[in-house]
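Naming: A, B, ... by sequence-line order, numbering from 1 per chain.
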Amino acid sequence: MLEIKGVYKTFNPGTINEKKALNGIDLTLNDGDFVTVIGGNGAGKSTLLNMVTGVYPVDCGSIKIDGIDITNLPEYKRAKYFGRVFQDPMTGTAADMQIDENLALAARRGKMRTLRNGVSKKEREEFKELLKKLDLGLENRLTSKVGLLSGGQRQAITLLMATMQNPKLLLLDEHTAALDPQTAAKVLSLTDELISAGNITTLMITHNMKDAIRLGNRLIMMYDGKIIYDISGEDKKNLHVSDLLELFAKASNGEFANDRMMLA
Amino acid sequence: MLSFLQSLPSPIAQGMIWGIMAIGVYITYKVLDVADLTVDGTLATGGAVLVVLTTAGVNIYIAMIVAFLAGCLAGFVTGLLHTRFGIPAILAGILTQLALYSLNLRIMSARANVPINWRMYDLIVSSRTDVLPKTILICAIFIVAIIGILYWFFGTELGHSVRATGCNQAMARANGINTDSRKIIGLIISNGIVALSGGLLAQFSGAADVNMGRGAIVIGLAAVIISEVVFGKIFKNFALRLLGVVFGGIIYYIVISIVLKLGLNANDLKLLSACVVALFLGLPYWKSKLSHKKAKKEKKGEKVNA
(Lines give C-alpha, C1' and ligand atoms only; values in the text may rest on other atoms or scores of the structure.)
Protein backbone atom coordinates (compact mmCIF):
# COMPACT_ATOMS: atom_id res chain seq x y z
CA MET A 1 0.00 0.00 0.00
CA LEU A 2 2.85 2.44 0.82
CA GLU A 3 5.74 2.18 -1.57
CA ILE A 4 8.88 4.25 -1.00
CA LYS A 5 11.59 3.88 -3.61
CA GLY A 6 15.09 5.34 -3.58
CA VAL A 7 14.27 8.41 -1.49
CA TYR A 8 17.13 10.76 -0.68
CA LYS A 9 17.00 14.00 1.26
CA THR A 10 19.81 16.40 2.11
CA PHE A 11 19.20 19.49 4.19
CA ASN A 12 21.24 22.66 3.54
CA PRO A 13 23.22 21.12 0.67
CA GLY A 14 26.55 22.74 -0.08
CA THR A 15 26.84 24.47 3.28
CA ILE A 16 28.70 23.55 6.45
CA ASN A 17 25.34 22.57 7.92
CA GLU A 18 24.79 19.99 5.20
CA LYS A 19 22.95 17.02 6.63
CA LYS A 20 22.18 13.90 4.65
CA ALA A 21 18.94 12.98 6.39
CA LEU A 22 17.79 10.16 4.12
CA ASN A 23 20.27 8.03 2.22
CA GLY A 24 18.33 5.86 -0.15
CA ILE A 25 15.20 4.61 1.54
CA ASP A 26 13.30 1.67 0.07
CA LEU A 27 10.31 0.56 2.07
CA THR A 28 7.10 -1.20 1.19
CA LEU A 29 4.25 -1.50 3.64
CA ASN A 30 1.50 -4.07 3.22
CA ASP A 31 -2.13 -3.49 4.09
CA GLY A 32 -2.64 -3.83 7.84
CA ASP A 33 1.06 -3.65 8.69
CA PHE A 34 1.82 -2.07 12.06
CA VAL A 35 5.47 -1.09 11.79
CA THR A 36 7.49 0.31 14.67
CA VAL A 37 10.51 2.44 13.79
CA ILE A 38 13.53 2.81 16.06
CA GLY A 39 16.88 4.51 15.67
CA GLY A 40 19.06 7.11 17.33
CA ASN A 41 18.74 10.86 17.08
CA GLY A 42 19.37 12.08 13.57
CA ALA A 43 18.84 8.62 12.05
CA GLY A 44 16.17 10.07 9.75
CA LYS A 45 13.03 8.65 11.36
CA SER A 46 11.10 11.89 11.54
CA THR A 47 12.40 13.00 8.16
CA LEU A 48 11.05 9.78 6.69
CA LEU A 49 7.60 10.58 8.05
CA ASN A 50 7.84 14.17 6.89
CA MET A 51 8.76 12.99 3.37
CA VAL A 52 5.76 10.69 3.27
CA THR A 53 3.40 13.44 4.42
CA GLY A 54 4.99 16.09 2.23
CA VAL A 55 6.25 18.52 4.87
CA TYR A 56 9.40 18.81 2.74
CA PRO A 57 9.91 17.74 -0.88
CA VAL A 58 12.18 14.76 -1.58
CA ASP A 59 15.45 15.25 -3.47
CA CYS A 60 14.83 12.16 -5.53
CA GLY A 61 12.93 8.92 -5.38
CA SER A 62 9.21 8.24 -5.37
CA ILE A 63 6.45 7.70 -2.86
CA LYS A 64 3.28 5.87 -3.81
CA ILE A 65 0.23 5.10 -1.80
CA ASP A 66 -2.16 2.44 -3.13
CA GLY A 67 -0.44 2.84 -6.49
CA ILE A 68 -1.04 6.62 -6.59
CA ASP A 69 2.15 8.65 -6.98
CA ILE A 70 2.10 11.35 -4.29
CA THR A 71 5.77 12.36 -4.52
CA ASN A 72 5.02 15.86 -5.76
CA LEU A 73 1.62 16.45 -4.18
CA PRO A 74 1.48 19.36 -1.72
CA GLU A 75 1.09 18.44 1.93
CA TYR A 76 -2.54 19.51 2.27
CA LYS A 77 -3.58 17.52 -0.79
CA ARG A 78 -2.11 14.23 0.39
CA ALA A 79 -3.37 14.73 3.94
CA LYS A 80 -6.51 12.77 3.07
CA TYR A 81 -4.48 9.55 2.96
CA PHE A 82 -2.91 10.02 6.38
CA GLY A 83 -3.69 10.35 10.03
CA ARG A 84 -0.88 11.99 11.97
CA VAL A 85 0.03 12.36 15.62
CA PHE A 86 3.08 14.42 16.51
CA GLN A 87 5.51 14.29 19.41
CA ASP A 88 4.47 17.69 20.75
CA PRO A 89 0.88 17.51 22.05
CA MET A 90 0.45 21.16 20.99
CA THR A 91 1.03 20.36 17.32
CA GLY A 92 -1.90 18.07 16.60
CA THR A 93 -4.76 20.30 17.68
CA ALA A 94 -5.88 23.92 17.38
CA ALA A 95 -5.65 25.27 20.93
CA ASP A 96 -8.02 28.22 20.46
CA MET A 97 -10.76 26.05 19.04
CA GLN A 98 -13.26 23.87 20.85
CA ILE A 99 -12.98 20.09 21.16
CA ASP A 100 -15.93 19.54 18.82
CA GLU A 101 -14.54 22.04 16.30
CA ASN A 102 -11.18 20.24 16.26
CA LEU A 103 -12.83 16.89 15.70
CA ALA A 104 -15.03 18.38 12.96
CA LEU A 105 -11.95 19.74 11.20
CA ALA A 106 -10.50 16.23 11.09
CA ALA A 107 -13.82 14.75 9.99
CA ARG A 108 -13.57 16.94 6.86
CA ARG A 109 -10.00 15.95 6.00
CA GLY A 110 -9.85 15.49 2.24
CA LYS A 111 -13.34 16.88 1.70
CA MET A 112 -14.54 20.20 0.30
CA ARG A 113 -14.96 22.79 3.02
CA THR A 114 -18.09 24.74 2.22
CA LEU A 115 -20.31 27.34 3.87
CA ARG A 116 -22.26 24.67 5.69
CA ASN A 117 -22.24 24.61 9.46
CA GLY A 118 -18.77 23.77 10.80
CA VAL A 119 -20.12 21.19 13.28
CA SER A 120 -23.51 19.59 12.72
CA LYS A 121 -25.80 18.45 15.52
CA LYS A 122 -25.50 14.87 14.37
CA GLU A 123 -21.73 15.08 14.50
CA ARG A 124 -21.84 16.43 18.04
CA GLU A 125 -23.64 13.27 19.15
CA GLU A 126 -21.13 11.09 17.30
CA PHE A 127 -18.23 12.96 18.88
CA LYS A 128 -19.74 12.46 22.31
CA GLU A 129 -19.81 8.70 21.74
CA LEU A 130 -16.20 8.72 20.50
CA LEU A 131 -15.02 10.75 23.47
CA LYS A 132 -16.87 8.52 25.91
CA LYS A 133 -14.68 5.63 24.79
CA LEU A 134 -11.59 7.57 25.85
CA ASP A 135 -12.87 7.54 29.41
CA LEU A 136 -11.32 10.93 30.14
CA GLY A 137 -14.57 12.75 30.91
CA LEU A 138 -14.22 14.80 27.73
CA GLU A 139 -17.68 13.88 26.44
CA ASN A 140 -19.14 16.59 28.69
CA ARG A 141 -16.64 19.23 27.61
CA LEU A 142 -17.38 19.32 23.88
CA THR A 143 -17.29 23.13 23.79
CA SER A 144 -14.14 23.53 25.91
CA LYS A 145 -11.13 25.06 24.21
CA VAL A 146 -8.55 22.35 23.50
CA GLY A 147 -5.85 24.63 24.89
CA LEU A 148 -7.31 24.09 28.37
CA LEU A 149 -6.65 20.34 28.26
CA SER A 150 -3.62 18.42 29.49
CA GLY A 151 -0.99 17.05 27.12
CA GLY A 152 -2.34 13.51 27.45
CA GLN A 153 -5.90 14.63 26.76
CA ARG A 154 -4.75 16.56 23.73
CA GLN A 155 -2.81 13.57 22.42
CA ALA A 156 -5.85 11.35 22.91
CA ILE A 157 -7.98 13.81 20.92
CA THR A 158 -5.33 14.01 18.21
CA LEU A 159 -5.40 10.21 18.01
CA LEU A 160 -9.17 10.28 17.56
CA MET A 161 -8.78 12.94 14.87
CA ALA A 162 -6.06 10.96 13.11
CA THR A 163 -8.05 7.73 13.03
CA MET A 164 -11.61 8.98 12.63
CA GLN A 165 -11.76 8.69 8.85
CA ASN A 166 -9.92 5.35 8.74
CA PRO A 167 -6.85 6.76 7.01
CA LYS A 168 -4.88 4.62 4.59
CA LEU A 169 -1.85 5.14 6.77
CA LEU A 170 -1.44 6.26 10.38
CA LEU A 171 1.83 8.03 11.16
CA LEU A 172 2.88 8.35 14.79
CA ASP A 173 6.01 10.35 15.57
CA GLU A 174 7.00 9.51 19.15
CA HIS A 175 3.55 10.59 20.15
CA THR A 176 3.93 9.53 23.79
CA ALA A 177 7.45 10.88 24.33
CA ALA A 178 6.30 14.17 25.85
CA LEU A 179 3.87 12.55 28.31
CA ASP A 180 4.41 11.27 31.83
CA PRO A 181 4.84 7.46 32.03
CA GLN A 182 1.30 6.76 33.24
CA THR A 183 -0.36 8.94 30.61
CA ALA A 184 2.01 7.60 27.96
CA ALA A 185 0.94 4.05 28.77
CA LYS A 186 -2.71 5.01 28.54
CA VAL A 187 -2.31 6.82 25.21
CA LEU A 188 -0.30 3.89 23.87
CA SER A 189 -2.93 1.31 24.78
CA LEU A 190 -5.55 3.58 23.20
CA THR A 191 -3.38 3.71 20.09
CA ASP A 192 -3.21 -0.07 19.94
CA GLU A 193 -6.99 -0.33 20.40
CA LEU A 194 -7.80 2.16 17.65
CA ILE A 195 -5.33 0.56 15.24
CA SER A 196 -6.64 -2.95 15.70
CA ALA A 197 -10.28 -1.80 15.69
CA GLY A 198 -9.84 -0.15 12.30
CA ASN A 199 -7.11 -2.50 11.06
CA ILE A 200 -5.17 0.65 10.15
CA THR A 201 -1.77 0.40 8.47
CA THR A 202 0.60 2.19 10.84
CA LEU A 203 4.11 3.55 10.98
CA MET A 204 5.09 4.37 14.56
CA ILE A 205 8.35 5.98 15.62
CA THR A 206 9.33 5.26 19.20
CA HIS A 207 12.35 5.57 21.43
CA ASN A 208 11.08 2.86 23.70
CA MET A 209 12.51 -0.44 22.47
CA LYS A 210 10.22 -2.50 24.64
CA ASP A 211 7.21 -0.85 23.01
CA ALA A 212 8.79 -1.30 19.60
CA ILE A 213 9.05 -5.04 20.21
CA ARG A 214 5.75 -5.49 22.01
CA LEU A 215 3.58 -3.55 19.52
CA GLY A 216 3.02 -4.19 15.85
CA ASN A 217 3.94 -6.98 13.49
CA ARG A 218 7.09 -5.49 12.03
CA LEU A 219 10.07 -3.48 13.24
CA ILE A 220 12.58 -1.41 11.31
CA MET A 221 15.74 0.16 12.62
CA MET A 222 17.24 3.24 11.02
CA TYR A 223 20.76 4.53 11.15
CA ASP A 224 22.35 7.38 9.23
CA GLY A 225 19.42 7.84 6.88
CA LYS A 226 19.15 4.17 5.97
CA ILE A 227 17.01 1.26 7.05
CA ILE A 228 19.55 -1.14 8.51
CA TYR A 229 17.24 -3.74 9.96
CA ASP A 230 13.76 -4.95 9.01
CA ILE A 231 12.17 -7.81 10.88
CA SER A 232 8.64 -9.12 11.11
CA GLY A 233 6.46 -12.00 12.19
CA GLU A 234 7.75 -14.64 14.63
CA ASP A 235 11.30 -13.31 14.49
CA LYS A 236 10.13 -9.97 15.78
CA LYS A 237 8.17 -11.55 18.62
CA ASN A 238 11.29 -13.31 19.84
CA LEU A 239 13.38 -10.15 19.86
CA HIS A 240 14.85 -8.79 23.06
CA VAL A 241 15.99 -5.30 23.87
CA SER A 242 19.53 -6.65 24.21
CA ASP A 243 19.39 -7.93 20.62
CA LEU A 244 18.42 -4.51 19.38
CA LEU A 245 21.16 -2.82 21.38
CA GLU A 246 23.71 -5.22 19.97
CA LEU A 247 22.52 -4.59 16.43
CA PHE A 248 22.63 -0.93 17.00
CA ALA A 249 26.11 -1.07 18.47
CA LYS A 250 27.32 -2.93 15.41
CA ALA A 251 25.83 -0.40 13.04
CA SER A 252 27.08 2.64 14.88
CA ASN A 253 30.52 1.35 15.91
CA GLY A 254 29.81 1.75 19.59
CA GLU A 255 28.45 5.29 19.42
CA PHE A 256 25.20 4.17 20.94
CA ALA A 257 26.39 4.56 24.52
CA ASN A 258 25.84 8.30 24.23
CA ASP A 259 22.49 7.97 22.62
CA ARG A 260 19.03 8.53 23.93
CA MET A 261 18.14 5.00 22.85
CA MET A 262 19.89 3.70 25.92
CA LEU A 263 17.47 5.47 28.19
CA ALA A 264 14.38 3.88 26.75
CA MET B 1 -18.70 68.90 31.89
CA LEU B 2 -21.93 69.62 30.07
CA SER B 3 -20.08 70.78 27.00
CA PHE B 4 -18.03 67.58 27.12
CA LEU B 5 -21.18 65.43 27.21
CA GLN B 6 -22.65 67.45 24.39
CA SER B 7 -19.55 66.85 22.34
CA LEU B 8 -19.63 63.08 22.95
CA PRO B 9 -21.75 61.95 19.95
CA SER B 10 -19.03 63.00 17.52
CA PRO B 11 -16.22 60.89 19.01
CA ILE B 12 -18.72 58.06 19.47
CA ALA B 13 -19.65 58.09 15.79
CA GLN B 14 -16.03 58.41 14.78
CA GLY B 15 -15.08 55.62 17.15
CA MET B 16 -17.76 53.40 15.66
CA ILE B 17 -16.40 53.91 12.14
CA TRP B 18 -12.87 53.20 13.31
CA GLY B 19 -14.30 50.29 15.29
CA ILE B 20 -15.49 48.73 12.03
CA MET B 21 -11.94 49.14 10.78
CA ALA B 22 -10.68 47.52 13.96
CA ILE B 23 -12.89 44.48 13.26
CA GLY B 24 -10.90 44.08 10.05
CA VAL B 25 -7.65 44.36 11.99
CA TYR B 26 -8.93 41.82 14.53
CA ILE B 27 -9.47 39.25 11.76
CA THR B 28 -5.88 39.41 10.57
CA TYR B 29 -4.16 40.12 13.87
CA LYS B 30 -6.11 37.78 16.14
CA VAL B 31 -7.83 35.18 13.97
CA LEU B 32 -5.18 34.79 11.29
CA ASP B 33 -2.22 35.71 13.52
CA VAL B 34 -0.78 38.02 10.88
CA ALA B 35 0.05 41.71 11.34
CA ASP B 36 -1.31 43.13 8.10
CA LEU B 37 -0.11 46.66 7.32
CA THR B 38 -2.07 46.84 4.08
CA VAL B 39 -4.90 48.48 6.00
CA ASP B 40 -3.20 51.89 6.11
CA GLY B 41 -3.54 52.00 2.35
CA THR B 42 -6.84 50.16 2.13
CA LEU B 43 -8.65 52.64 4.35
CA ALA B 44 -7.75 55.49 1.97
CA THR B 45 -8.63 53.31 -1.02
CA GLY B 46 -12.11 52.77 0.40
CA GLY B 47 -12.52 56.50 0.96
CA ALA B 48 -11.16 57.42 -2.45
CA VAL B 49 -13.32 54.94 -4.35
CA LEU B 50 -16.43 56.01 -2.50
CA VAL B 51 -15.91 59.75 -2.99
CA VAL B 52 -14.92 59.49 -6.63
CA LEU B 53 -17.87 57.23 -7.49
CA THR B 54 -20.39 59.25 -5.50
CA THR B 55 -19.30 62.56 -6.97
CA ALA B 56 -19.59 60.94 -10.40
CA GLY B 57 -23.24 60.29 -9.65
CA VAL B 58 -23.15 56.65 -8.60
CA ASN B 59 -25.64 55.54 -5.94
CA ILE B 60 -24.06 55.74 -2.48
CA TYR B 61 -24.81 52.11 -1.61
CA ILE B 62 -23.32 50.85 -4.84
CA ALA B 63 -20.29 53.06 -4.15
CA MET B 64 -19.99 51.46 -0.71
CA ILE B 65 -20.06 47.98 -2.26
CA VAL B 66 -17.41 48.91 -4.82
CA ALA B 67 -15.24 50.41 -2.04
CA PHE B 68 -15.59 47.11 -0.16
CA LEU B 69 -14.57 45.13 -3.25
CA ALA B 70 -11.58 47.42 -3.86
CA GLY B 71 -10.43 46.63 -0.33
CA CYS B 72 -10.91 42.91 -0.97
CA LEU B 73 -8.70 43.22 -4.04
CA ALA B 74 -5.96 44.92 -2.01
CA GLY B 75 -6.14 42.11 0.55
CA PHE B 76 -5.93 39.58 -2.26
CA VAL B 77 -2.73 41.21 -3.57
CA THR B 78 -1.13 41.13 -0.11
CA GLY B 79 -2.19 37.49 0.18
CA LEU B 80 -0.56 36.65 -3.15
CA LEU B 81 2.64 38.47 -2.24
CA HIS B 82 2.75 36.58 1.05
CA THR B 83 1.86 33.08 -0.15
CA ARG B 84 3.00 32.98 -3.78
CA PHE B 85 6.05 35.24 -3.55
CA GLY B 86 7.03 33.95 -0.12
CA ILE B 87 7.33 37.48 1.27
CA PRO B 88 6.85 37.76 5.05
CA ALA B 89 3.33 38.97 5.82
CA ILE B 90 4.41 42.30 7.34
CA LEU B 91 6.57 43.18 4.34
CA ALA B 92 3.89 42.02 1.90
CA GLY B 93 1.45 44.39 3.60
CA ILE B 94 3.92 47.27 3.48
CA LEU B 95 4.48 46.70 -0.24
CA THR B 96 0.78 46.73 -1.04
CA GLN B 97 0.30 49.76 1.18
CA LEU B 98 3.03 51.61 -0.69
CA ALA B 99 1.59 50.67 -4.06
CA LEU B 100 -1.85 51.74 -2.88
CA TYR B 101 -0.57 55.25 -2.16
CA SER B 102 0.07 55.74 -5.87
CA LEU B 103 -3.11 53.94 -6.83
CA ASN B 104 -5.19 56.05 -4.46
CA LEU B 105 -3.80 59.20 -6.08
CA ARG B 106 -4.71 57.71 -9.47
CA ILE B 107 -8.22 56.99 -8.28
CA MET B 108 -8.55 60.59 -7.10
CA SER B 109 -7.08 61.93 -10.36
CA ALA B 110 -3.81 63.03 -8.76
CA ARG B 111 -5.54 65.10 -6.04
CA ALA B 112 -4.43 64.44 -2.47
CA ASN B 113 -7.79 65.47 -1.08
CA VAL B 114 -11.20 65.20 -2.73
CA PRO B 115 -14.07 66.78 -0.81
CA ILE B 116 -17.62 65.48 -0.89
CA ASN B 117 -20.38 67.89 0.02
CA TRP B 118 -23.36 66.59 1.97
CA ARG B 119 -25.57 69.24 0.38
CA MET B 120 -25.08 67.80 -3.08
CA TYR B 121 -25.01 64.08 -2.38
CA ASP B 122 -27.11 61.63 -0.37
CA LEU B 123 -24.49 60.63 2.18
CA ILE B 124 -25.55 58.05 4.75
CA VAL B 125 -23.30 59.33 7.54
CA SER B 126 -21.97 62.77 8.39
CA SER B 127 -20.32 64.63 11.25
CA ARG B 128 -22.92 67.43 11.16
CA THR B 129 -24.46 67.81 14.60
CA ASP B 130 -28.05 67.59 13.36
CA VAL B 131 -27.55 64.20 11.69
CA LEU B 132 -25.20 62.71 14.28
CA PRO B 133 -27.93 60.54 15.87
CA LYS B 134 -28.77 59.15 12.43
CA THR B 135 -25.05 58.60 11.76
CA ILE B 136 -24.70 56.66 14.99
CA LEU B 137 -27.77 54.58 14.13
CA ILE B 138 -26.45 53.76 10.65
CA CYS B 139 -23.03 52.86 12.03
CA ALA B 140 -24.74 50.61 14.58
CA ILE B 141 -26.64 48.85 11.80
CA PHE B 142 -23.41 48.33 9.86
CA ILE B 143 -21.67 46.99 12.95
CA VAL B 144 -24.45 44.56 13.81
CA ALA B 145 -24.64 43.33 10.22
CA ILE B 146 -20.86 42.88 9.88
CA ILE B 147 -20.56 41.08 13.22
CA GLY B 148 -23.54 38.88 12.32
CA ILE B 149 -22.07 37.88 8.97
CA LEU B 150 -18.62 37.24 10.44
CA TYR B 151 -20.07 35.22 13.30
CA TRP B 152 -21.91 33.06 10.81
CA PHE B 153 -18.91 32.73 8.49
CA PHE B 154 -16.41 31.71 11.15
CA GLY B 155 -18.85 29.01 12.25
CA THR B 156 -18.92 27.38 8.82
CA GLU B 157 -16.62 24.63 7.56
CA LEU B 158 -14.66 27.20 5.56
CA GLY B 159 -14.52 29.64 8.48
CA HIS B 160 -13.30 26.87 10.78
CA SER B 161 -10.48 26.14 8.37
CA VAL B 162 -9.43 29.83 8.36
CA ARG B 163 -9.39 29.83 12.16
CA ALA B 164 -7.39 26.59 12.27
CA THR B 165 -4.85 28.12 9.87
CA GLY B 166 -4.39 31.11 12.18
CA CYS B 167 -4.16 28.89 15.23
CA ASN B 168 -1.92 26.04 14.11
CA GLN B 169 -0.69 25.74 10.53
CA ALA B 170 0.90 22.32 10.95
CA MET B 171 -2.37 20.94 12.28
CA ALA B 172 -4.36 22.66 9.53
CA ARG B 173 -2.22 21.16 6.76
CA ALA B 174 -2.23 17.74 8.42
CA ASN B 175 -6.01 17.93 8.18
CA GLY B 176 -5.97 18.76 4.50
CA ILE B 177 -6.42 22.52 4.74
CA ASN B 178 -4.73 24.67 2.10
CA THR B 179 -3.28 27.21 4.53
CA ASP B 180 -2.16 29.56 1.74
CA SER B 181 -5.66 29.96 0.36
CA ARG B 182 -7.07 30.40 3.86
CA LYS B 183 -4.65 33.23 4.60
CA ILE B 184 -5.70 34.91 1.36
CA ILE B 185 -9.37 34.54 2.31
CA GLY B 186 -8.71 36.12 5.71
CA LEU B 187 -6.80 39.03 4.18
CA ILE B 188 -9.55 39.61 1.61
CA ILE B 189 -12.30 39.77 4.23
CA SER B 190 -10.24 41.96 6.55
CA ASN B 191 -9.27 44.52 3.92
CA GLY B 192 -12.80 44.61 2.50
CA ILE B 193 -14.12 45.62 5.91
CA VAL B 194 -11.35 48.20 6.33
CA ALA B 195 -12.18 49.77 2.95
CA LEU B 196 -15.85 49.85 3.89
CA SER B 197 -14.97 51.76 7.03
CA GLY B 198 -12.81 54.05 4.88
CA GLY B 199 -15.89 54.76 2.77
CA LEU B 200 -17.86 55.67 5.87
CA LEU B 201 -15.00 57.76 7.23
CA ALA B 202 -14.74 59.79 4.01
CA GLN B 203 -18.44 60.62 4.21
CA PHE B 204 -18.14 61.43 7.90
CA SER B 205 -15.23 63.82 7.46
CA GLY B 206 -16.52 65.20 4.17
CA ALA B 207 -13.50 64.24 2.08
CA ALA B 208 -11.25 61.44 0.97
CA ASP B 209 -7.62 62.11 1.74
CA VAL B 210 -4.65 60.17 0.50
CA ASN B 211 -3.24 60.26 4.04
CA MET B 212 -6.44 59.37 5.87
CA GLY B 213 -5.21 55.84 6.56
CA ARG B 214 -1.83 56.75 8.00
CA GLY B 215 -1.46 54.89 11.29
CA ALA B 216 -4.76 53.07 10.84
CA ILE B 217 -3.18 49.78 11.86
CA VAL B 218 -2.07 51.34 15.15
CA ILE B 219 -5.56 52.68 15.89
CA GLY B 220 -7.00 49.27 15.00
CA LEU B 221 -4.54 47.54 17.30
CA ALA B 222 -5.30 50.07 20.03
CA ALA B 223 -9.01 49.22 19.73
CA VAL B 224 -8.25 45.48 19.84
CA ILE B 225 -6.00 45.88 22.88
CA ILE B 226 -8.40 48.20 24.75
CA SER B 227 -11.18 45.67 24.20
CA GLU B 228 -8.97 42.90 25.55
CA VAL B 229 -8.04 44.85 28.63
CA VAL B 230 -11.52 46.14 29.36
CA PHE B 231 -13.78 43.33 28.14
CA GLY B 232 -11.39 40.37 27.90
CA LYS B 233 -12.77 38.69 30.99
CA ILE B 234 -16.47 39.11 30.20
CA PHE B 235 -16.65 38.85 26.40
CA LYS B 236 -15.70 35.24 25.58
CA ASN B 237 -18.02 34.61 22.66
CA PHE B 238 -16.65 35.50 19.20
CA ALA B 239 -19.48 37.93 18.35
CA LEU B 240 -19.08 39.67 21.70
CA ARG B 241 -15.35 39.93 21.16
CA LEU B 242 -15.93 41.70 17.86
CA LEU B 243 -18.40 44.00 19.61
CA GLY B 244 -15.74 44.60 22.27
CA VAL B 245 -13.34 45.68 19.53
CA VAL B 246 -15.88 48.28 18.34
CA PHE B 247 -16.26 49.50 21.93
CA GLY B 248 -12.48 49.65 22.03
CA GLY B 249 -12.55 52.01 19.05
CA ILE B 250 -15.19 54.18 20.71
CA ILE B 251 -13.26 54.32 23.98
CA TYR B 252 -10.13 55.24 22.05
CA TYR B 253 -11.84 58.22 20.40
CA ILE B 254 -13.49 59.41 23.61
CA VAL B 255 -10.11 59.33 25.35
CA ILE B 256 -8.53 61.17 22.42
CA SER B 257 -11.20 63.88 22.53
CA ILE B 258 -10.66 64.30 26.28
CA VAL B 259 -6.90 64.57 25.81
CA LEU B 260 -7.41 67.16 23.12
CA LYS B 261 -9.79 69.11 25.36
CA LEU B 262 -7.10 69.08 28.04
CA GLY B 263 -4.95 71.04 25.65
CA LEU B 264 -2.76 68.46 23.93
CA ASN B 265 -1.51 69.40 20.50
CA ALA B 266 -3.38 67.41 17.83
CA ASN B 267 -0.07 66.85 16.06
CA ASP B 268 1.17 64.82 19.01
CA LEU B 269 -1.71 62.33 18.78
CA LYS B 270 0.11 59.76 16.69
CA LEU B 271 3.05 59.79 19.10
CA LEU B 272 0.63 59.25 21.95
CA SER B 273 -1.18 56.40 20.14
CA ALA B 274 2.08 54.68 19.31
CA CYS B 275 3.24 54.90 22.93
CA VAL B 276 -0.05 53.56 24.29
CA VAL B 277 -0.12 50.63 21.86
CA ALA B 278 3.56 49.81 22.49
CA LEU B 279 2.90 49.84 26.21
CA PHE B 280 -0.07 47.50 26.01
CA LEU B 281 1.64 45.15 23.55
CA GLY B 282 4.56 45.00 25.97
CA LEU B 283 2.46 44.26 29.04
CA PRO B 284 1.78 40.56 28.43
CA TYR B 285 5.47 40.04 27.62
CA TRP B 286 6.63 41.64 30.84
CA LYS B 287 3.96 39.77 32.74
CA SER B 288 5.16 36.41 31.42
CA LYS B 289 8.76 37.34 32.21
CA LEU B 290 7.79 38.26 35.73
CA SER B 291 5.86 35.05 36.35
CA HIS B 292 8.75 33.09 34.83
CA LYS B 293 11.14 34.64 37.32
CA LYS B 294 8.72 33.89 40.13
CA ALA B 295 8.40 30.27 39.05
CA LYS B 296 12.17 29.97 38.97
CA LYS B 297 12.43 31.33 42.50
CA GLU B 298 9.73 29.01 43.77
CA LYS B 299 11.45 25.99 42.29
CA LYS B 300 14.65 27.03 44.04
CA GLY B 301 17.04 25.70 41.50
CA GLU B 302 15.04 22.56 40.84
CA LYS B 303 15.50 21.64 37.22
CA VAL B 304 12.45 22.43 35.13
CA ASN B 305 11.75 19.87 32.45
CA ALA B 306 11.16 21.41 29.08
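- Of the two parts of A/Thr93, only the backbone, made up of N, CA, C and O, holds a non-hydrogen atom closer than 4.5 Å to a non-hydrogen atom of chain B.
- Note on ring orientation: taking the six-membered ring where Trp is involved, the planes of B/Phe235 and B/Phe247 are tilted (angle from 30° to 60°).
- No hydrogens or angles considered: a donor-acceptor pair under 3.5 Å links the side chains of B/Tyr252 and B/Ser273.
- Both the backbone and the side chain of A/Arg116 come within contact range of chain B, judged by heavy atoms closer than 4.5 Å.
- Per-residue counts of heavy-atom pairs under 4.5 Å with chain B were compared for A/Val55, A/Leu115, A/Asp96, A/Asn102; the largest is that of A/Leu115.
- Between A/Leu142 and A/Val119, the closest side-chain pair of non-hydrogen atoms is not below 4.5 Å.
- Evaluated for a side-chain contact (heavy atoms from CB on, under 4.5 Å) with A/Pro89, the options A/Thr176, A/Leu179, A/Val187, A/Thr158 yield exactly one hit, A/Leu179.
- Note: B/Asn175 leads B/Asp180, B/Ile177, B/Asn175 in heavy-atom pairs under 4.5 Å with chain A.
- Remark: A/Glu129 does not engage A/Lys133 in a salt bridge, criterion side-chain N to carboxylate O under 4.0 Å.
- Side chain of B/Asp36 to backbone of B/Thr38: a donor-acceptor contact under 3.5 angstrom is found.
- A/Lys111 and B/Glu157 are not joined by a salt bridge, as no carboxylate oxygen comes within less than 4.0 angstrom of a charged side-chain nitrogen.
- Across A/Glu101, A/Arg84, A/Lys80, A/Lys77, the residue that shares the most heavy-atom pairs under 4.5 angstrom with chain B is A/Glu101.
- In terms of heavy-atom pairs under 4.5 Å with chain B, the best-connected choice from A/Gly118, A/Ala79, A/Gly92 is A/Gly118.
- Only the side chain of B/Phe153 comes within contact range of chain A, with at least one heavy atom under 4.5 Å from a heavy atom of that chain.
- Within the 4.5 angstrom heavy-atom criterion, only side-chain atoms of B/Asn168, from C-beta onward, approach chain A.
- For the set B/Gly159, B/Ala172, B/Gly155, the entry with the most heavy-atom pairs within less than 4.5 Å of chain A is B/Gly155.
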